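Report on one structure; see the data block that follows.
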Amino acid sequence: MNHNYIRKKSAEVIIECNIKKFPIDCFSILEHYGYKIYSYSELYKKNKELYDMCISYSQDAFRSGSMKIIAYNDRKPKTRIRFSLMHELGHHILMHKNDTPENESEANFFANNMLAPRIAIYYTRMQSNADISRLFNTSSLVAQYASQDFSKWCYEICNNGMHDYDKDLYSQFYDENYKGFVYSIKKCEFCGANIYNSDSNHCLGGCKPIGISMHGYSCLDSLSDDDRRILSRLENKWLYDF
C-alpha cells in the first residue's frame, strides 16, 4: 500500500470540497461527487430488490459506481456509518475495480485519513485517543489506529521532511485572524467574539477570543527528544522558511 499516495488523495478531497471544520460532513462530500445516498431502511421501503442486494453484499454499506448510489446500514452506530461512507468514497477516489483484500485495506486507510488527517491530529493537540474520537467523531478503534499511524507519520517526516499535501491542508485550515490552524470557529454567546478550536460556547477570562492550548499532545510522547526537535525544526522551515 502506498500510504503517502492515499494521504495525498484524501487531502485533495478535503481541499476540493472546501472542508474547513471537523468533524467532516460525510454526506455533503459524497453529494459533491454526484452520489445519491440512501439508508437501508429507505431502500427497504422503496426498492426491496435493491435492498436485498445491498444487505447481502455488506452489512455496512454498498456502492454502485455506475448508478452513483451509496447505501448504508442506518442501524449501525453513527461513527461506523461515517467510516463506512468514507470507505466507499475511497473506492471511488482510488478507482478500485475489484473487491480485493488490498483494495479494502486501501479504502480503510483512505477513510481513516479523511476522518482524521494526520496534519490535523498534529495541530489539534488532543490529549488522548478518546479526545481524537470525540473531535473527529470516530469510533475508538478508528481513533486508536489514527493515533498509531500518526506516530509513523511523525517519524516519516523526521526522516524525509514535510509533505507538500500536508502543507496544502495546513493552508486550507489556516485562519489569518487566528494566525494558525483552525478547525472550528463559533461566536461567544455573551459578547459575540470569535472562539477558535474550543468546545466552549463562551469566552474564558473575560470574554476574549480564545483557542485551545497548543501543548501536551500525548501522541507526541512516543517520539524521542531528538525526534521532537527535528520535527519542530522541519515545521518551522516548512511554515516560515528558517
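It should be emphasised that the depicted structure is a prediction, and the values quoted were computed from it without experimental measurement. Side chains are part of it too, since the values below use all heavy atoms of this structure and drop only hydrogens, waters and symmetry mates.
Asn73 has its side chain out of reach of Ile81: every pair of non-hydrogen atoms, C-beta onward, lies at least 4.5 Å apart. You'll find the side chain of Tyr35 reaches within 4.5 Å of the side chain of His92, heavy atoms only. Counting heavy atoms from C-beta on, the side chains of Tyr40 and Lys76 never come closer than 4.5 Å. Inter-residue side-chain proximity for Glu31 and Ile37 is flagged as met; some heavy-atom pair is nearer than 4.5 Å. Val13 places a side-chain heavy atom less than 4.5 Å from the side chain of Phe110. In this structure the side chain of Trp153 reaches within 4.5 angstrom of the side chain of Asp166, judged on heavy atoms. At a threshold of 4.5 Å between non-hydrogen side-chain atoms, the residues Ile29 and Ile19 count as touching. No side-chain heavy atom of Arg63 sits less than 4.5 Å from a side-chain heavy atom of Leu89.
Distance check, rounded to the nearest 0.5 Å: CG of Asn108 to OG of Ser84 gives 9.0 Å. The distance from atom CG of Asn197 to atom OG1 of Thr124, rounded to the nearest 0.5 Å, is 8.5 Å.
Proximity of a side-chain donor or acceptor of Lys9 to a complementary backbone N or O of Gly90 within less than 3.5 Å is not detected. Between the side chain of Ser147 and the backbone N or O of Ala143, no donor-acceptor pair lies under 3.5 Å. Under a 3.5 Å cut-off, the side chain of Asn103 and the backbone N or O of Asn98 do form a donor-acceptor pair. Between the side chain of Asp175 and the main chain of Gly180, no donor-acceptor pair closer than 3.5 Å is present. Listed for the Asp60 side chain is no donor-acceptor partner under 3.5 Å among the backbone atoms of Phe83.
For Lys21 and Tyr183, the positive end is not near the middle of the six-membered ring at less than 6.0 Å and at most 45° from its axis.
Checked against a 6.0 Å centroid threshold, the rings of Tyr72 and Phe27 count as neighbours.
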CA sep, side-chain torsions, deciding dist, call: Ser10, Ile93, side-chain contact (heavy atoms from CB on, under 4.5 Å): CA-CA 8 Å; Ser10 65; Ile93 297 296; over 6 Å; no

side-chain contact (heavy atoms from CB on, under 4.5 Å) evaluation trace for Met86 with Asn112: CA-CA 8 Å; Met86 291 299 94; Asn112 196 287; over 6 Å; no

Candidate pair Ile24 and Arg82, rule side-chain contact (heavy atoms from CB on, under 4.5 Å), full reasoning: CA-CA 9 Å; Ile24 63 173; Arg82 286 167 53 76; 3.9 Å; yes

Chi angles and distances behind the side-chain contact (heavy atoms from CB on, under 4.5 Å) call for Tyr165, Asn4: CA-CA 9 Å; Tyr165 59 80; Asn4 273 323; 2.5 Å; yes

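Checked by atom type, the side-chain pair Asn47/Glu42 shows no donor-acceptor distance below 3.5 Å. Side-chain polar atoms of Glu104 and His87 form a donor-acceptor pair below 3.5 angstrom. There is no side-chain donor-acceptor pair under 3.5 Å between Glu106 and His91.
Shown here for Leu115 and Phe136, the closest heavy-atom pair between the two residues is O-CD2, 3.1 Å. Summarising the geometry of Ser139 relative to Thr79, their closest heavy-atom pair is N-CB, 3.5 Å, with the distance given to 0.1 Å. Residue Leu94 comes nearest to Ala107 through the heavy atom pair CD1-N, 4.4 Å, listed as atom of the first residue, atom of the second, then distance. Nearest heavy-atom pair, Asn137 versus Pro23, reported as atom, atom and distance to 0.1 Å: CB-CB, 3.6 Å. Considering all non-hydrogen atoms of both residues, Ser140 and Ser133 come closest at N-OG, 4.1 Å.
For the ring pair (Phe, Tyr, Trp, His ring centres under 6.0 Å) with Phe173, the lone residue among Tyr123, Tyr178, Tyr196, Phe22 that qualifies is Phe22.
Under a cut-off of 6.0 angstrom, the local environment of CZ in Arg75 is sparse, with at most 12 non-hydrogen atoms contributed by other residues, nucleotides or ligands. Heavy-atom neighbours of Lys20 NZ from other residues, nucleotides or ligands within 6.0 Å: above the threshold of 12. By the neighbour-count criterion of 12 heavy atoms within 6.0 Å, atom NZ of Lys36 is sparsely surrounded, having that number or fewer from other residues, nucleotides or ligands.
Classified by interplanar angle (parallel below 30°, tilted 30° to 60°, perpendicular above 60°), the ring pair Tyr174/Tyr170 is tilted.
Contact check on Arg118 versus Asp149 returns a salt bridge, with a Lys/Arg side-chain nitrogen under 4.0 Å from an Asp/Glu carboxylate oxygen. For Lys167 and Asp164, the salt-bridge test fails: no basic side-chain N is under 4.0 Å from an acidic carboxylate O. Looking at Lys152 and Glu156, no side-chain N of the basic residue comes within less than 4.0 Å of a carboxylate O on the acidic one, giving no salt bridge.
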